Amino acid sequence: MMALMPELPEVEAVRRRIAPAMRGARIEHVLLRRKDLRRPFPRAFAARLEGRRIRSVDRRGKYLLVALDSGATLLMHLGMSGSFRIDRGSKRRTPDAEAAGDRHDHVVFTLSNGVTVTFNDPRRFGLMDLLGDRPAASQKTFAALGPEPLGASFDAAALAQALTGKRIALKVALLDQRVVAGVGNIYASEALHRAGLSPLRRSSTLATAAGRPAQKAVRLAAAIKTVLREAIARKERSYRAGRFRVYEREGEPCRTAGCGGRIRRIAQAGRSTFYCPACQR
Ligand SMILES: [Zn+2]
């Protein structure tokens, strides 16, 4: 099957796996095998990380945020194919031995607790940057991120406000990280199916003329939260297309009780959308 780009649930699963291994440890060594991923690493990247203690590992949208005792924050994005490998104790390798490893192992963090965290990214659309004392390339994008969908600040009112007056298709609007952070191609399709809303619907129809939420916005905000929560609960298994409601299910019967429709695939803004024309209006 095609590679699936990580969205909020996949990034959250990664966070839950790497946080216990990294939190509280000091970064002893950072090995950079290249000068860049999607973008160049920031100046003096390794030097600004080495010797720093890790306070916390958090997530915002699809970004991982590693807070350091220097006050700076290491920002990481998995891109399309990024992943982390954790090696402990006896499996720990020296930087020299590490240099002979997988050619897609681009960044290796050696920690004071005996853990080695390796970032592997065959397609190199991943990103690492430092937010803090100096201007960072990612600062602007990061600051413009919309509400966190599982947070209290994201509800029907916030969604309606973000969609007011927007003429673009609802599915396309949901991919805009300024509307809601962390939702991508898969979970936009999933949430729209759950809410019974067509991906082709004009975004502005979810708000009244005054920008208040229509009933459809209430349904969609709740559906977004539910599909993300369910996917997080499934963790890694969420990568299996068999678990999705509509994603990668073209031609299959709709799962909505009593619907009888079949899932259709269309292209919107260059991306595949999966939906049921019978029950999504
Ligand atoms: Zn249906």
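Here, residue 1 is the first one in the sequence, and each next residue gets the next number. Atoms within a ligand are numbered from 1 in the order they appear, just like the ligands themselves. Only heavy atoms go into these numbers, but all of them, side chains included; no hydrogens, no water, no symmetry mates. As the structure is a computational prediction, the values presented were derived from the model and not from experiment.
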Checklist line | Gly132 versus Gln139, closest heavy-atom pair with distance | finding: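 For Gly132 and Gln139, the tightest heavy-atom pair comes out as N-NE2, 4.5 Å.
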Checklist line | Carboxylate-amine/guanidinium contact Arg194 Glu190, below 4.0 Å | finding: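 Looking at Glu190 together with Arg194, the answer is no, because their closest N to O distance does not fall below 4.0 Å.
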Check: With a 4.0 Å cut-off, would you call Asp102 and Arg85 a salt bridge?
Finding: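 Here Asp102 does not pair with Arg85 in a salt bridge, since their nearest N and O are not under 4.0 Å apart.
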Notebook entry, point to check: Near the Zn ion (ligand 1), which protein N/O/S atoms fall under 2.8 Å?
Noted result: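 Sorted hits: Cys254 SG, Cys259 SG, Cys276 SG, Cys279 SG.
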Margin query: Among residues at least two apart in sequence or on other chains, which ones pass side-chain contact (heavy atoms from CB on, under 4.5 Å) with Arg52?
Written below: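 Here the qualifying residues are Leu68, Asp69, Ser70.
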Margin query: Classify the ring geometry of Phe84 against Phe119: parallel below 30°, tilted from 30° to 60°, perpendicular beyond 60°.
Written below: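 Geometry flag for Phe119 against Phe84: tilted rings.
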Notebook entry, point to check: Taking the six-membered ring for Trp, are Phe41 and Phe45 parallel (under 30°), tilted (30 to 60°) or perpendicular (over 60°)?
Noted result: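 Rings of Phe41 and Phe45: parallel, under 30°.
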